[in-house]
Amino acid sequence: MMIYDQLSRSNKKVNARGKVIKMYVCGPTVYDEPHLGHIKTYITFDVLAKYLRQKGYTVFYLQNITDIDDKIINRAEEIGVNALDLSKIFLRKYMNAMKYAKIDSVNFYAPATDHIREIIRQIRVLEGRNFTYRLPDGVYYRVWMDSNYGVLSGQKAEKLISGKRASVSDMKEDPRDFVLWKFKKKDSEPSWSSPWGEGRPGWHIEDTAIASKYFGNHYDLHGAGKDLIFPHHESELSIMSSLKGNTHVVDIWIYSGILKIKGEKMSKSENNFIPVSYLTDKYSPETIRMCFLSNNYGSETDFSDSLLEEARKNVDYISKAYQILHSASGKGSKIAVRNLFQIIEKEMDNDINTRNAIAGLIEVCSMIYKTKDNIDEDDAKYLISEIDKINSYLGIINIKEKEFSTNTIEKLIDLRDKLRKDKLYDESDIIRGALKESGIVIEDNHGKSGWHYEN
RNA sequence: GGAUAGGUGGCAGAGAGGUUAUGCGUAAGACUGCAGAUCUUAUUUAUUAGGGUUCGAAUCCCUACCUAUCCUCCA
């Protein structure tokens with residue numbers, strides 16, 4: 001499988017060495033409601049992890065949680081609560097949002113505050129190699145010592161220096177330098193003791209410390225939203241390279257395109273975000289996944305309701321076709337779709353082209369509809385198993401828990417058919433209406449009436 | 001200002017030198033007690049503009065214009 005690597009600006013083969021795939025994705029700073037932008041990014045990496053597993057790889061998917069940060073402290077102060085309590089509240093909301101979108105492929109969530117010791121240890125190693133210096137407000141990282149700084153984002157040192165970076169500490173040796181350990185300012189701030197004094201970790205060192213604890217000095221995939229490339233990942237790359245002595249610390253740097261709304265980036269700081277909670281009642285997880293997987297992960301998406309509506313129709317189309325397969329019986333026609341499944345796999349192997357994979361799946365479904373009254377039972381079983389495989393990573397088929405026995409439903413449909421034959425339509429409509437209330441939709445085709453759960 | 005992505009039909013969005021993407025929408029038809037779903041056909045030269053390379057360019061090169069992202073916290 002090939003994935004676009006931001007650092008080399010080319011497609012690279014995943015896990016060329018063929019061992020366990022170590023995958024690290026930057027998690028959120030938990031100071032506000034999770035929103036659709038997060039969902040888009042984490043669906044991307046959920047699909048990637050699940051697809052790799054489906055292909056037979058063992059994937060260890062690690063995600064950090066930034067649960068201590070200026071933003072959290074400021075917000076906590078505004079509303080008068082403890083900073084760590086605040087981050088716990090939003091962490092729970094984040095986890096609920098993940099659950100809603102069926103994002104369940106992460107092996108381990110690592111909160112920063114559980115890794116203070118590792119962070120301090122890593123800063124000490126950097127300190128021993130002269131990569132740090134001390135200012136009144138914290139311990140800083142010396143960027144100029146890394147001549148490669150800027151390779152990931154393409155930022156040039158001179159331009160960055162000449163750029164307006166107003167609010168940074170004037171005392172820094174280099175405007176690009178960033179804080180590794182920030183000293184405590186107020187008593188109300190959460191803090192930990194360190195060799196340099198009471199304080200808390202900087203953002204970039206969190207990830208490098210967590211990654212190195214679980215993965216050592218090299219891993220396969222490092223992902224996030226595109227907005228984290230600079231300065232966050234650039235700085236991570238620098239720290240990791242400084243510790244290791246070379247830049248070969250991550251095989252593939254992978255980024256998902258940001259989510260926009262009305263042409264502008266959706267973000268907490270712009271306050272134009274749609275919280276996940278806004279959708280949970282109106283749309284199924286399958287619909288939201290379909291919505292974001294309907295274009296390629298790397299490109300930006302301008303969010304709108306019509307996008308969701310379109311996604312919902314496609315979810316219905318595929319889900320219904322899938323249900324048709326389950327009612328196939330006896331000997332009938334075989335559907336020649338084997339090569340379509342190969343195409344779908346090829347598209348996924350080509351930098352997770354979910355858009356084309358879904359197009360292929362829609363084509364499979366179209367063929368199911370065309371032969372729906374005469375599908376071979378064994379063929380249907382084969383199709384179901386192939387579609388299950390695809391759905392195991394895409395998660396776009398709405399399979400409702402069966403609340404009623406199929407037998408009961410079919411008996412009611414038989415009864416309704418009899419009434420219809422006698423043209424007792426009022427009575428037959430009562431059955432249809434009653435089933436509808438239970439979330440079961442009847443659709444009459446010539447000959448046989450089909451049914452499916454409402455999506 | 002610098003850096004990085006892009007600009008494709010009414011809309012959403014793939015493709016990366018040569019064949020219908022696909023979906024939504026729209027129009028007509030088939031089926032039909034109604035409803036819904038599905039199927040068929042159409043939507044006749046959609047690739048920001050202008051140059052160039054080529055037998056052939058959405059696809060490669062140059063120029064211009066436009067948009068977003070990052071350069072400050074961000075998925």
Side-chain angles (χ1 to χ4, degrees), chain A residues 6 9 25-29 31-32 34-45 63 66 69-72 74 94 150 152-156 158-168 175-176 203 223-232 234 255-260 263-270 273 290-291 294-296 298-302 304 306-307 309-314 316-317 320-321 324 347 350 353-363 365-366 368-373 420 423-426 428-429 432-433 436 441-447 449-450 452:
Chain A
Q6 169 73 17
R9 322 259 152 151
V25 174
C26 280
T29 304
Y31 75 96
D32 208 336
H35 62 71
L36 294 184
H38 300 116
I39 292 288
K40 177 184 185 306
T41 294
Y42 297 123
I43 285 175
T44 296
F45 295 111
Q63 192 176 116
T66 301
D69 176 86
D70 282 357
K71 288 270 182 191
I72 295 169
N74 294 341
Y94 171 71
L152 185 68
S153 58
Q155 300 284 347
K156 303 236 170 23
E158 321 83 59
K159 302 295 181 191
L160 278 175
I161 291 164
S162 64
K164 290 265 177 278
R165 308 176 93 229
S167 62
V168 296
R176 299 173 299 168
W203 184 29
K226 272 192 172 137
D227 51 350
L228 292 200
I229 295 176
F230 190 91
H232 188 46
E234 192 72 63
Y255 297 96
S256 100
I258 50 123
L259 186 67
K260 301 193 294 183
E264 299 290 327
K265 181 185 173 188
M266 184 183 288
S267 75
K268 285 183 277 199
S269 43
E270 291 296 323
F273 65 86
M290 176 66 90
C291 179
S294 287
N295 60 37
N296 282 345
S299 49
E300 42 191 42
T301 297
D302 203 346
S304 68
S306 54
L307 234 48
E309 283 303 322
E310 192 181 320
R312 197 176 48 75
K313 281 171 189 159
N314 283 317
D316 285 355
Y317 186 83
K320 254 177 233 165
I324 286 170
E347 294 293 352
N350 178 24
N353 196 332
T354 50
R355 177 74 202 194
N356 283 353
I358 290 167
L361 189 56
I362 285 173
E363 211 172 316
C365 292
S366 167
I368 292 169
Y369 282 115
K370 278 175 206 167
T371 27
K372 68 176 167 182
D373 295 326
R420 288 178 67 222
K423 297 199 194 292
L424 295 167
Y425 296 121
D426 287 345
S428 73
D429 284 352
R432 183 166 65 184
K436 179 102 192 324
V441 180
I442 293 180
E443 282 163 4
D444 298 328
N445 312 303
H446 38 270
S449 298
H452 64 87

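The chains referred to below are lettered A, B, ... by the order of the sequence lines, with proteins before strands, and numbering in each begins at 1. Below, each value reflects all heavy atoms present in this structure, side chains not excepted, and no hydrogens, waters or symmetry copies.
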Does [X] make a side-chain donor-acceptor contact with the base of [N], cut-off 3.5 Å?
| X | N | answer |
| --- | --- | --- |
| A:Asp69 | B:rC73 | no |
| A:Lys313 | B:rC24 | no |
| A:Arg432 | B:rC34 | yes |
| A:Ser269 | B:rC73 | yes |

Side chain of [X] (C-beta onward), nearest among [options]:
| X | options | answer |
| --- | --- | --- |
| A:Lys370 | B:rC24, B:rU40, B:rG33 | B:rU40 |
| A:Tyr317 | B:rA21, B:rA75, B:rU38 | B:rU38 |
| A:Pro28 | B:rC24, B:rA75, B:rC70 | B:rA75 |
| A:Lys372 | B:rG23, B:rC73, B:rU38 | B:rU38 |

Could you check whether [X] gets within reach of a base, just the sugar-phosphate, or nothing at all, counting any heavy atom under 4.0 Å?
| X | value |
| --- | --- |
| A:Leu259 | base |
| A:Gly27 | sugar-phosphate |
| A:Tyr255 | nothing |
| A:Ser256 | nothing |
| A:Lys71 | base |
| A:Gly223 | nothing |

Can you tell me how far [atom1] in [N] sits from the matching atom in [M], rounded to whole Å?
| N | M | atom1 | value |
| --- | --- | --- | --- |
| B:rA21 | B:rG36 | C1' | 29 Å |
| B:rA37 | B:rA16 | C1' | 38 Å |
| B:rU8 | B:rA46 | P | 14 Å |
| B:rG2 | B:rA64 | P | 12 Å |
| B:rG33 | B:rU40 | P | 22 Å |
| B:rU26 | B:rG10 | P | 16 Å |
| B:rC62 | B:rA68 | P | 24 Å |
| B:rG9 | B:rU47 | C1' | 9 Å |

Distance check needed: [N] [atom2] versus [X] [atom1], whole Å only.
| X | N | atom1 | atom2 | result |
| --- | --- | --- | --- | --- |
| A:Asp426 | B:rC34 | CG | P | 14 Å |
| A:Ile362 | B:rA21 | CD1 | C1' | 11 Å |
| A:Glu443 | B:rG33 | CD | P | 16 Å |
| A:Arg420 | B:rU32 | CZ | P | 11 Å |
| A:Arg312 | B:rA37 | CZ | P | 10 Å |
| A:Lys40 | B:rA68 | NZ | C1' | 13 Å |
| A:Lys226 | B:rA68 | NZ | P | 16 Å |
| A:Ile258 | B:rC70 | CD1 | P | 6 Å |

5′-ward residue of the pair A:Ile358/A:Gly154 relative to RNA chain B: A:Gly154
Pick the nucleotide of RNA chain B nearest each of A:Ile442 and A:Arg9; which residue has the one closer to the 5' end? A:Arg9
In chain order, what residues pass the side-chain contact (heavy atoms from CB on, under 4.5 Å) check against A:Ala321, with sequence neighbours excluded? A:Cys365, A:Ile368, A:Tyr369
Verify the contact: side-chain N or O of [X] to OP1 or OP2 of [N], cut-off strictly under 4.0 Å; return yes or no.
| X | N | result |
| --- | --- | --- |
| A:Thr44 | B:rA75 | no |
| A:Tyr369 | B:rU40 | no |
| A:Lys260 | B:rU67 | no |
| A:Lys320 | B:rG36 | no |
| A:Lys268 | B:rA75 | yes |

B/S/- contact track for nucleotides 13-20 of chain B, protein heavy atom under 4.0 Å: SSS-----
Report the residues that fulfil ring pair (Phe, Tyr, Trp, His ring centres under 6.0 Å) with [X], sequence neighbours left out, ordered by chain and then residue number.
| X | result |
| --- | --- |
| A:Tyr31 | none |
| A:Tyr42 | A:Tyr94 |
| A:His35 | A:His38, A:Phe273 |

Side chain of A:Lys40, backbone of A:Gly257: donor and acceptor closer than 3.5 Å? yes
Heavy-atom pair of closest approach, residues [X] and [Y]:
| X | Y | result |
| --- | --- | --- |
| A:Ala224 | A:Cys26 | CB-CB, 4.0 Å |
| A:Ser256 | A:Thr41 | OG-OG1, 3.0 Å |
| A:Gly298 | A:Lys226 | O-NZ, 2.6 Å |

A:Arg355/A:Ser294 under side-chain contact (heavy atoms from CB on, under 4.5 Å): CA gap, chis, key distance, verdict: CA-CA 5 Å; A:Arg355 177 74 202 194; A:Ser294 287; 3.6 Å; yes
Are A:Lys313 and A:Glu310 within salt-bridge range, i.e. N to O under 4.0 Å? no
Assess, by modelled atom type and distance only, whether the side chains of A:Thr301 and A:Asn295 contain a donor and an acceptor separated by less than 3.5 Å. yes
Under a 4.5 Å cut-off applied to non-hydrogen side-chain atoms, are A:Asp444 and A:Arg432 in contact? yes
For residues A:Arg176 and A:Gln155, determine if any side-chain heavy atom of one lies less than 4.5 Å from a side-chain heavy atom of the other. no
Base orientation of B:rA58, chi within 90° of 0 counted as syn, else anti, reads syn
Stems formed with participation of RNA chain B [Watson-Crick or G-U wobble, under 3.5 Å, three or more pairs]: B:1-7 with B:65-71, B:10-12 with B:22-24, B:25-30 with B:38-43, B:48-52 with B:60-64
